[in-house]
2 protein chains.
Amino acid sequence: MARQAARRSRSPRDVPLYEMVDSIVRKRLVENVYPPGAMLPSEMQLAKELGVSQGTVRRALDGLVAEGLVVRRQGLGTFVSEMEDRRSLFLFFNMVAHDGRQEMPAARLIEAVDGQATDIEARKLAITVGSPVRRLTRLRLFRERPTIVERLVVSEAVLPGLARHAPPPDHLFRYYETEYRVTVVEADESLRAASVTEEEADLLDMPVGAPLLEIDRVAYAMNRRPVEWRVSLCDTSGHDYRIDRG
Amino acid sequence: MARQAARRSRSPRDVPLYEMVDSIVRKRLVENVYPPGAMLPSEMQLAKELGVSQGTVRRALDGLVAEGLVVRRQGLGTFVSEMEDRRSLFLFFNMVAHDGRQEMPAARLIEAVDGQATDIEARKLAITVGSPVRRLTRLRLFRERPTIVERLVVSEAVLPGLARHAPPPDHLFRYYETEYRVTVVEADESLRAASVTEEEADLLDMPVGAPLLEIDRVAYAMNRRPVEWRVSLCDTSGHDYRIDRG
DNA sequence: TAGTGGTCTAGACCACATT
DNA sequence: ATGTGGTCTAGACCACTAT
């Protein structure tokens with residue numbers, strides 16, 4: 001019966017049912033029909049509503065779980081991920097001390113100014129040149145020791161008035177989610193080597209010319225729209241950038 | 001029936017059937033019962049042999065597919081991955097030109113010598129201090145331009161006589177697989193910033209003190225044994241190290 | 001006890017590739 | 001025509017969490 005319904009509603013393209021379920025649920029996540037922290041309908045309820053079997057709903061949810069968009073709690077239900085659920089504090093932060101300790105650095109706001117998107121900012125944020133943006137500079141410290149200079153740019157349209165009246169908290173992604181209902185789910189990073197310039201020398205307490213790790217990162221929301229562009233200049237004399245592949 | 005058999009053979013630990021299937025197949029992959037390129041028994045055959053349903057075999061294989069250990073080809077069967085299948089040429093190589101092109105660099109062997117494992121080498125390769133090792137130095141070039149100095153250490157016990165009689169091919173992981181039946185499936189990387197020393201200055205045609213990206217990587221075989229320790233010093237003036245997260 | 005997710009089965013039909 | 005993986009169903013039972 002469900003099979004018949006599915007067949008009737010299928011386009012010649014013939015996309016699997018579980019993908020249809022995936023995109024329906026995904027859409028509701030993006031549109032906050034299911035807001036962060038909320039419980040989704042149970043697998044049986046969703047199956048009934050969408051006219052498919054529980055197994056098919058389950059398969060669709062498996063994908064969303066793998067992406068970290070939702071989490072299952074046995075005996076309780078399936079819930080929309082909040083930032084904490086996604087080990088996201090560390091998902092996007094990979095500096096590990098040489099002794100193996102992984103700790104979150106504090107953030108000190110150095111500067112926050114308005115501006116108009118330059119060519120490269122516009123390209124990174126997928127907005128038009130000249131659009132209003134905000135530019136923040138922050139210094140990050142591990143155990144009081146300045147280690148990273150962080151320059152970030154966001155579009156006023158997406159995150160209006162960011163840090164205009166008060167310094168934002170250390171964990172910006174969580175702040176975006178609770179304050180702006182913008183959930184970062186993905187990021188592309190480019191790493192290069194750079195050298196300390198006069199600008200950063202006193203902030204980081206390093207000599208001009210010393211080597212730095214430069215991390216250029218664009219973060220994306222669930223709908224694949226860019227949320228922020230961030231360039232981090234890291235002193236790696238005490239910390240590594242760690243990646244586990246495979 | 002299968003259910004009963006499974007129950008009987010279950011320890012109090014009560015591990016799911018699909019995990020048992022996973023480890024059985026994984027074991028056969030490690031032991032080359034199913035060698036690279038070979039076709040696995042069909043899902044139905046495996047199900048019958050192991051006394052579970054096709055769906056359970058399928059679920060186990062899903063995991064191995066996700067890890068890239070095997071690949072499915074519809075209408076043909078399930079096959080043990082060969083290096084090429086795992087997009088592995090790029091899986092472990094992430095230098096992307098600033099214009100976006102991703103190309104494999106050539107490798108030129110500079111030096112290959114015998115030695116005895118130092119403290120740190122022993123720790124990285126999980127062998128005892130003083131064990132015989134081989135140390136290779138290679139220069140990697142993008143379009144004839146020297147870009148990376150690569151120093152790598154392998155245990156003689158794992159990869160005997162590597163590069164003793166002839167320079168190995170550019171893609172070492174593939175070579176390990178075909179020549180030594182050692183398949184690299186995982187790697188841990190640590191990235192830092194460094195500066196060009198006199199040793200690398202002429203190899204890379206860069207001034208002493210210029211910034212370099214240093215990639216410290218241990219590669220592991222299917223059985224989680226370390227295969228090689230490699231430190232790459234990269235000139236990032238023309239290429240970035242790219243990561244896509246999320 | 002009731003409701004949730006977690007596992008597993010048996011069987012159906014489809015899409016695909018080879019013979 | 002045959003055999004493979006790919007999708008989907010319906011229903012069973014288990015483990016967990018709450019009340």
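Below, chain A is the first sequence line, B the second, and so on; all start at residue 1.
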* Asked: In whole angstrom, what separates B:Met44's CE from C:dT9's C1'?
  -> 11 Å
* Asked: Got a sec, which residues hit side chain to side chain donor-acceptor pair (under 3.5 Å) with B:Arg181, two or more places apart in sequence or on another chain?
  -> none
* Could you list the residues that satisfy side chain to side chain donor-acceptor pair (under 3.5 Å) with A:Tyr34, not counting sequence neighbours? => A:Arg28
* Asked: Can you check the A:Asp62 CG to D:dT7 C1' distance for me, whole Å?
  -> 14 Å
* Asked: With respect to the phosphate group of D:dG5, does any side-chain polar atom (N or O) of B:Arg58 fall under 4.0 Å of OP1 or OP2?
  -> no
* Asked: Rounded to the nearest 0.5 Å, how far apart are OG of A:Ser81 and CG of A:Leu69?
  -> 6.5 Å
* Rounded to the nearest Å, what distance is computed from the CG atom of residue B:Leu17 to the P atom of nucleotide C:dA10? -> 11 Å
* Asked: Whole-Å distance between C:dC16 C1' and B:Phe79 CZ?
  -> 13 Å
Dump every N/O contact between nucleotides 16-19 of chain D and the protein below 3.5 Å, one line per pair.
from   : atom 1 : to      : atom 2 : distance (Å)
D:dC16 : O4'    : A:Gln74 : OE1    : 2.9

* Asked: With sequence neighbours left out, what residues match B:Arg72 under side chain to side chain donor-acceptor pair (under 3.5 Å)?
  -> B:Asp62
* Structure fact -> Ranking A:Gln54 and A:Arg59 by the position along DNA chain D of their nearest nucleotide, the one closer to 5' is A:Arg59
* Is the phosphate of D:dT9, meaning OP1 or OP2, less than 4.0 Å from a side-chain N or O of A:Thr56? -> yes
* **N or O in side chain of A:Tyr18 less than 4.0 angstrom from D:dC8 OP1/OP2** => no
* Taking NZ from A:Lys48 and P from D:dC8, how many angstroms apart are they, rounded to a whole number? -> 21 Å
* Asked: Could you give the CD-to-C1' distance, from B:Glu19 to C:dT7, as a whole number of Å?
  -> 11 Å
* To do: Output all residues satisfying side chain to side chain contact (heavy atoms under 4.5 Å, CB included) with B:Arg101, sequence neighbours left out; order by chain, then residue number.
  => B:Ala97, B:Asp99, B:Glu103, B:Arg143
* To do: Among the candidates C:dG6, C:dT9, D:dT9, find the nucleotide nearest to the side-chain atoms of A:Ser53.
  => D:dT9
* **Between P of D:dT4 and CG of B:Leu46, the distance in whole Å** => 11 Å
* Asked: Under the side chain to side chain donor-acceptor pair (under 3.5 Å) test, which residues partner A:Arg26, sequence neighbours left out?
  -> A:Asp22, A:Glu67
* **Side-chain touch A:Tyr180/A:Leu162, heavy atoms, less than 4.5 angstrom** => yes
* With the side chain of B:Met39 defined as its heavy atoms from C-beta on, choose the nearest nucleotide among C:dG5, D:dT4, D:dC8. => D:dT4
* OP1 or OP2 of D:dG5 under 4.0 Å from side-chain N/O of B:Thr78 -> yes
* What integer distance in Å separates A:Arg72:CZ from D:dA15:P? -> 18 Å
